[in-house]
Amino acid sequence: MFYPLSVRVCTLALAVGAALGCQSAVADIPVKANSNAKSTALNALPDTDQLIIRFRDTASTTAVDNMLGRMRSEKHETFKYAKTTQQHSDVFRFGKRKGKAEWDTLSAWLKSQPEVEYVEPDYILTKMDVPVPVTPNDAYFSYQWPLFDAISGIRADQAWGYTTGTGSIVAVVDTGILPHADLWPNLLPGYDMISNSTTANDGDGRDADATDTGDYVLAGECGSTSNLNSSWHGTHVAGTIAAVGHNAEGIAGVAFDAKVMPVRALGKCGGYTSDIADAITWAAGGTVSGIPANPTPARVINMSLGGASSCGTTMQNAINTARGKNAVVVVAAGNSNTDASQFSPANCGGVISVAAIGRDGGKAYYSNYGNTVDLAAPGGSMNTGSANGILSTLNIGTQQAQADTYAYYQGTSMATPHIAGVAALMLSINPALTPDQVESLLKSTARAFPQPCSGCGAGIVDANAAVQAALNIPATPSLPVDPYVVLKTDLTTNLNLWREQNILNYSYVLEQQTGTSTALRWKLTVKAGVVVAGVNLANNKTVSSRDLKAKGKTIEQLFTSIDSAIAARYAVINVNYDAALGYPLAVFTDKKTTVKGDETTLKASSMINL
């Protein structure tokens, strides 16, 4: 099981003048908002009044003059010759400045003319001024020290001069999310991936409702000796990433114009690896059997969760799938003040593992550390005062949800969404970045720790420096996805699901045909992983031991047949897997589409556990 990685020393649910927990903390929340703040954004491409046209060397002077005449008479353009460049292009000055859309229209016409080799606006460039830091007018922004503090903050206010996250989608794989008023406008529909109704605590299994129904625990449940209130953990994490900014209410998220997509995988007592793995896959746009496709795949996946274990194949395969879909996976290092290599998914490959710092910029007393940690971000240090925690969106309900509020939490769970938010800012300004590029830029732009933080990675994440670095990475065309890698990933995922069932004694119906040969339809019996008996369903006769050995297949051997076809890169490989047990339901392979008779069909049905 995996659990949220936050530490609630003193949960301060503070809003609308009410407080839960430590009553003295009411004064920690300001009453009035700063109404004088202004937001800024990057300017669009500048207008210009000049156009560069390169005429073909083969174009005659008469043809060029005629074409320019048509541009005046047919397109009603007013212009005059300005100069000829060193590259032998001609520059024309027009009677007024035009925006990009107008130039695009005229350029399309010019490119259609046989005399023109290329055409482009003669844009006016200016010096690169540094954008002014943005201070949103959210009521509690002054208490969000992680965003702007000179010692330990991530400098988000400076990064907002470039971007506030528009266009980015961050999946929060967590306890689900509540429709908090300061978060709701930035929420996308998600999915509840919890398959166990007891863990889900909502009376059913997987469904399209990712609302957090509470993870409260009564004494005696989940090994607890006392009652524990619902944490509303996913709502707190989501607020740090993308609470609505500049709305004169509550707080501002790191990427306050990004969208958050809740994927519920943690419930009562935590969450199972199999559910979390499916949540990761679905969040990135991968296929999960029995679940509708995700219409809004996330480029960033936040996992403020973990448990003391190695990184299993199931978890690693899910992360690999997400990275193959171009998603950045950010995970919490853990709160046990020990080596993060002992905790999954912080010890998995391909993730950005996050340690927590306190307000002084040094390692938070609870944070895990070690070589597997990549970066650090503010996670809070409430042992030095409640207001030194991380303030974010929450709910006052102790079991079921009630009214919106805000609360201070601490933990690597709180540090992780700061980095997920920065990744969203980077991808907003440069969507072409790959997961590896995002991680590399985050590390190379991190700033030094002002206080000791051994084993905390490359440094404290610096949103402003990371965003500027993202701006300077040229867009590159994305590489095509290798379909055989996708097939192999699906195979491995379903093979692991099948093996998790530990079904060694079973019967099933196998249908098999190669080319135009006679199709067989046998009911096979498998014991201890070996085919021991079979009945030919065409004549209800017992299959001979010789035929069983030659043509009988266990489920494991069906998987091997698929794996061999993938390794040999057959021209056609189509596979459908059973959603519950993982075994192949239907397989069609064709080694070469130009050769007749090398295609094979396999079908498995009527599975019975003996």
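Keep in mind that the numbers below use all heavy atoms, side chains included, and drop hydrogens, waters and symmetry copies. Bear in mind that the values here come from a model prediction, so they are computed numbers and not experimental data.
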How long is the gap from [atom1] on [X] to [atom2] on [Y], to the nearest 0.5 Å?
{"X": "Glu221", "Y": "Cys269", "atom1": "CD", "atom2": "SG", "result": "6.5 Å"}
{"X": "Glu556", "Y": "Leu558", "atom1": "CD", "atom2": "CG", "result": "9.5 Å"}
{"X": "Leu510", "Y": "Ile555", "atom1": "CG", "atom2": "CD1", "result": "8.0 Å"}
{"X": "Tyr406", "Y": "Leu391", "atom1": "OH", "atom2": "CG", "result": "8.5 Å"}
{"X": "Ile357", "Y": "His418", "atom1": "CD1", "atom2": "NE2", "result": "9.0 Å"}
{"X": "Ile419", "Y": "Leu375", "atom1": "CD1", "atom2": "CG", "result": "4.5 Å"}

Check whether [X] reaches the backbone of [Y] with its side chain - one donor and one acceptor, N or O, closer than 3.5 Å.
{"X": "Arg299", "Y": "Pro431", "result": "yes"}
{"X": "Ser224", "Y": "Gly220", "result": "no"}
{"X": "Arg206", "Y": "Met193", "result": "yes"}
{"X": "Thr489", "Y": "Thr321", "result": "no"}
{"X": "Trp282", "Y": "Pro292", "result": "yes"}
{"X": "Trp232", "Y": "Gly397", "result": "yes"}
{"X": "Asn430", "Y": "Ala470", "result": "yes"}
{"X": "Thr199", "Y": "Ser195", "result": "no"}
{"X": "Asn368", "Y": "Thr338", "result": "yes"}
{"X": "Asn186", "Y": "Phe256", "result": "yes"}

Heavy-atom closest pair, residues [X] and [Y]:
{"X": "Ala466", "Y": "Val422", "value": "CB-CG1, 4.0 Å"}
{"X": "Cys348", "Y": "Met315", "value": "SG-CG, 3.8 Å"}
{"X": "Thr296", "Y": "Leu188", "value": "OG1-CD1, 3.9 Å"}
{"X": "Ala243", "Y": "Ile251", "value": "CB-CG1, 3.6 Å"}
{"X": "Ala238", "Y": "Val260", "value": "CB-CG1, 4.0 Å"}
{"X": "Ile460", "Y": "Gly361", "value": "CD1-O, 4.1 Å"}

- Message: With a 6.0 Å cut-off (strictly less than), is the heavy-atom count around CG of Asn371, excluding the residue itself, greater than 12?
- Response: no
- Message: Please determine whether side-chain contact (heavy atoms from CB on, under 4.5 Å) holds for the pair Leu497 and Thr493, giving the CA-CA distance in whole Å, both sets of side-chain angles, and the decisive distance to 0.1 Å.
- Response: CA-CA 6 Å; Leu497 176 58; Thr493 299; 5.9 Å; no
- Specify whether His236 and Tyr409 have parallel, tilted or perpendicular ring planes, treating 30° as the upper limit for parallel and 60° as the lower limit for perpendicular.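 Because their plane-to-plane angle is under 30°, the rings of His236 and Tyr409 count as parallel.
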Do [X] and [Y] get their side chains close enough for a donor-acceptor pair, meaning under 3.5 Å?
{"X": "Asp212", "Y": "Thr175", "value": "yes"}
{"X": "Thr434", "Y": "Asp436", "value": "no"}
{"X": "Thr213", "Y": "Asn201", "value": "no"}
{"X": "Ser381", "Y": "Asn383", "value": "no"}
{"X": "Gln316", "Y": "Asn320", "value": "yes"}
{"X": "Thr163", "Y": "Ser428", "value": "yes"}
{"X": "Asn317", "Y": "Thr492", "value": "no"}
{"X": "Asn388", "Y": "Arg359", "value": "yes"}
{"X": "Ser304", "Y": "Asn302", "value": "yes"}

Does a side-chain heavy-atom distance below 4.5 Å link [X] with [Y]?
{"X": "Tyr366", "Y": "Gln410", "answer": "yes"}
{"X": "Ile154", "Y": "Val254", "answer": "yes"}
{"X": "Leu187", "Y": "Ile177", "answer": "yes"}
{"X": "Thr240", "Y": "Gln144", "answer": "no"}
{"X": "Arg155", "Y": "Val461", "answer": "no"}
{"X": "Tyr577", "Y": "Phe559", "answer": "yes"}
{"X": "Ile291", "Y": "Tyr191", "answer": "yes"}
{"X": "Asn337", "Y": "Ser367", "answer": "no"}

- Please lay out, stage by stage, how Asn229 and Thr398 fare under the test side chain to side chain donor-acceptor pair (under 3.5 Å). CA-CA 5 Å; Asn229 293 339; Thr398 57; 4.6 Å; no
- Task: List the steps and the verdict of ring-ring contact (aromatic ring centres under 6.0 Å, His included) for Tyr506 and Trp498.
- Result: CA-CA 13 Å; Tyr506 57 90; Trp498 165 252; 5.6 Å; yes
- Task: Assess Lys268 against Tyr216: is NZ or CZ under 6.0 Å from the centre of the six-membered ring, and within 45 degrees of the ring's axis?
- Result: yes
- Query: When you look at Ser231 and Asp215, which way does the side chain to side chain donor-acceptor pair (under 3.5 Å) test go after all the steps?
  - Reply: CA-CA 7 Å; Ser231 65; Asp215 57 357; 2.8 Å; yes
- Item | salt bridge (Lys or Arg N to Asp or Glu O under 4.0 Å) partner of Arg264, the single match among Asp174, Asp204, Asp202 | Asp202
- Taking it one step at a time, do Thr416 and Val331 satisfy side-chain contact (heavy atoms from CB on, under 4.5 Å)? CA-CA 6 Å; Thr416 304; Val331 305; 5.5 Å; no
- Please collect all ring-ring contact (aromatic ring centres under 6.0 Å, His included) contacts where either partner lies in residues 284-311, sequence neighbours excluded, each pair once.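 Residue pairs with at least one partner in residues 284-311: there are none.
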- Message: Let's go through Asp374 and Val354 carefully: what are the C-alpha distance in whole Å and the side-chain angles of both, what is the deciding distance for side-chain contact (heavy atoms from CB on, under 4.5 Å) to 0.1 Å, and is it a yes or a no?
- Response: CA-CA 6 Å; Asp374 295 299; Val354 184; over 6 Å; no
- Message: Between Lys488 and Asp563, does the side-chain contact (heavy atoms from CB on, under 4.5 Å) criterion hold? Intermediate values first, please.
- Response: CA-CA 7 Å; Lys488 179 69 173 182; Asp563 195 28; 2.7 Å; yes
